[in-house]
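Single-structure report; data block below.
Counting starts at 1 for both ligands and their atoms, following the listed order.
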Amino acid sequence: MAPAKANGRGVQVEDTRICVVMVGLPARGKSYIAQKAQRYLQWLSVPSQTFNVGSYRRKAAAQPTADFFDTTNVEGERQRKAAAEAAVADMLKWFKNENGVVAILDATNSTKERRKWILEICTRAGIEVIYVESRCDDENLIMANIRDVKTTSPDYKGQDPEQAALDFRNRIRNYEKVYKSVNDDGDEEHLTYLKIMNVGKQVIINRIQDYLQSRVVYYLMNLHIRPRSVWLSRHGESMYNLDGRIGGDALLSPRGEQYARKLPDLVRESVGDDRPLTVWTSTLKRTIATARFLPKHYNQLQWKALDELDAGLCDGMTYQEIKDEYPEDFEARDEDKYNYRYRGGESYRDVVIRLEPIIMELERSEDILIVTHQAVLRCIYAYFMKRNQEKSPWMHVPLHTLIKLTPRAYGTDEQRWDAKIAAVSTWRGKGSTAKHEDPVPSALH
Ligand code: ATP
Ligand code: F6P
């Protein structure tokens, strides 16, 4: 195995290129898993791309009925094979021309022949293959998946949902006739694979080879689809916020205290029932103080990983002081805020890396309220809302506002509650050294 090295983006990967091949019958959550894996990898700055064979097939057969997927349908077979070939060809181009690291081939790949064909092509191109199979025999869940996402798919646009669901059921039957679960016959033992049964109730892992593969596998093992939300809040306004100073471990200002007292009401209003939340804070006084009036029966946990971005030598300074004392650093940070690392401190990129265990734990958990800091909140928000990493450090996250994020099948819903308690702005535009600057409208997200 080649020695581990950084990929120039701060993430430890080997000289690896991986094709994640999804496997499974229709409506088993393959596209769901694929898009989550891609979002996670992109958040970690690992170049990744999903190639969905269905969208290639749609170019030739936009709204096929179930019999198109019957393997005795010669024309259907030809078109499906052509779609898979086109997706794989684009994937190889992407690896070559765009220095791709992880491609996700999103199709049913439900026969041994198809899997063997992909393995041969990838091996010739020096690309590792890992099969990720989702198996599910929970009929209620499959029907819910069909109703939730399949009847509204472009395959059934303009059609009666009942008819669409019936046709999709028949499509699955056609796949079932030829479907072989990975290594069911014992002759795919040499493959690297992860099998997820009934949304993680049981998991089988075979021949995982390197660091990046193990990260992806560990992440996918932690996914669940139980309904839940994540609430995010900054701490209440602090004494340092009033002075325009960064970092530190200051206490809350009187208005910050008011926010702490109001937070339980905001939470109650946004949760909508008596569900208990788990509360995570950083280890700094201002987040702990902000969370201290929340109901006693909420579990509370302090995470060092949720502490604010470490400003190193600049900790405790105002932006004006930083510009006066370290003008080159001030400029360099504005030039590339995501990558700039404070002397003796951290960059946003560093924060993302230390937040990885938090994201992993969030994926495993249900309802969590996180009380944290401006930079950390931006990074967590960027993960859920798939925000561009370079832009996320400029995002405006107001004080005294509760954000509720609810993950859905293919995205995340957002709601906000404004506590209506005035606070200074801690947002700063490029080049500015203002103590409290009003965010310009384009900086709002
Ligand atoms: P197709 O082969 O038709 O493209 P698919 O397998 O890609 O189907 P998705 O479109 O991803 O299926 O289905 C999304 C639904 O699957 C969502 O409602 C999601 O909650 C659910 N889901 C996510 N993960 C799993 C899983 N491991 N098993 C079963 N269902 C899941
Ligand atoms: O049936 C689900 C589906 O996503 C189709 O939209 C698509 O044509 C097909 O799977 C792709 O997989 P296969 O390799 O089985 O043709």
Side-chain angles (χ1 to χ4, degrees), residues 20-40 50-58 61-66 68-71 76 80 83-84 87 104-111 114-115 131-157 159 161 164-179 181-182 193-205 216-229 363-364 366 406-413:
V20 176
V21 179
M22 301 307 302
V23 176
L25 290 167
R28 264 55 180 189
K30 298 182 301 295
S31 300
Y32 173 92
I33 294 168
Q35 58 96 21
K36 288 211 65 150
Q38 187 186 341
R39 173 157 64 97
Y40 166 72
T50 301
F51 297 85
N52 178 282
V53 175
S55 54
Y56 287 81
R57 181 265 303 155
R58 237 167 256 129
Q63 294 199 305
T65 48
F68 177 86
F69 298 93
D70 184 335
T71 46
R80 289 169 55 200
I104 305 170
L105 188 62
D106 182 14
T108 57
N109 301 311
S110 46
T111 63
R114 180 61 65 90
R115 296 194 283 269
Y131 298 90
V132 173
E133 175 169 0
S134 174
R135 294 192 66 166
C136 177
D137 53 20
D138 177 340
E139 276 303 319
N140 291 333
L141 176 57
I142 295 164
M143 278 320 289
N145 288 350
I146 293 175
R147 274 195 308 273
D148 289 352
V149 294
K150 298 306 169 192
T151 54
T152 52
S153 125
D155 282 4
Y156 296 104
K157 194 163 187 280
Q159 296 183 29
L166 201 66
D167 184 80
F168 201 84
R169 258 287 130 248
N170 289 332
R171 182 192 293 198
I172 295 178
R173 294 222 166 85
N174 277 329
Y175 272 101
E176 279 167 347
K177 289 182 203 156
V178 292
Y179 170 54
S181 177
V182 177
Y193 64 83
L194 165 70
K195 269 196 210 192
I196 303 171
M197 261 86 95
N198 289 321
V199 210
K201 281 212 183 81
Q202 198 191 347
V203 168
I204 299 175
I205 303 172
V216 173
V217 165
Y218 186 55
Y219 175 77
L220 296 182
M221 280 169 60
N222 282 313
L223 299 184
H224 72 76
I225 51 170
R226 296 182 294 280
R228 53 82 173 263
S229 297
E363 286 297 351
R364 293 156 54 81
E366 291 179 17
T406 307
R408 305 264 177 230
Y410 296 131
T412 305
D413 289 350

Give yes or no for whether the N/O distance cutoff of 3.5 Å, strictly under, is met between Thr108 and ligand 1. no
Asp155 with Lys150: basic N within carboxylate O range, under 4.0 Å: no
Report yes or no: does a heavy atom of Lys150 sit under 4.0 Å from some atom of ligand 1? yes
Can you name the atoms of ligand 1, numbered from 1 with element, that are less than 4.0 Å from a heavy atom of Tyr32? 11 (O), 19 (C), 23 (C), 24 (N)
Verify the distance criterion only: is there a donor paired with an acceptor across the side chains of Ser181 and Lys195 at less than 3.5 Å? yes
Distance in Å, Thr65 OG1 paired with Leu166 CG, rounded so as to fall on 0.5 Å steps: 12.0 Å
If we number the atoms of ligand 1 from 1 as shown, the ones under 4.0 Å from a heavy atom of Val199 are 26 (C), 27 (N), 28 (N)
Stepwise, does the side chain to side chain donor-acceptor pair (under 3.5 Å) test hold for Thr50 with Asp106? CA-CA 7 Å; Thr50 301; Asp106 182 14; over 6 Å; no
Looking at ligand 1, does Gly24 have a heavy atom less than 4.0 Å from it? no
Note: ligand 1 atoms sitting under 4.0 Å from heavy atoms of Ser31 are 4 (O), 5 (P), 7 (O), 10 (O), 11 (O)
Does anything in residues 139-149 pair up under side chain to side chain donor-acceptor pair (under 3.5 Å), and if so which pairs, sequence neighbours excluded? Glu139-Arg169
If we only count N/O pairs under 3.5 Å, is Asn145 in contact with ligand 1? yes
Do the charged groups of Glu133 and Arg115 touch, with an N to O distance under 4.0 Å? no
Ligand 1 and Tyr410, any nitrogen or oxygen pair closer than 3.5 angstrom? yes
For Tyr219, ring-ring contact (aromatic ring centres under 6.0 Å, His included) partners two or more places apart: Tyr40
Atom 27 (N) of ligand 1: of Ser134, Ala34, Gly29, the nearest heavy atom sits on Ser134
With distance as the sole test, does Lys30 use its side chain to make a donor-acceptor pair with the main-chain N or O of Thr108 at under 3.5 Å? no
Is there a polar contact between ligand 1 and Cys136, counting only N or O atoms under 3.5 Å apart? no
Looking at Pro26, which atoms of ligand 1 are within less than 4.0 Å of one of its heavy atoms? 1 (P), 2 (O), 3 (O), 8 (O)
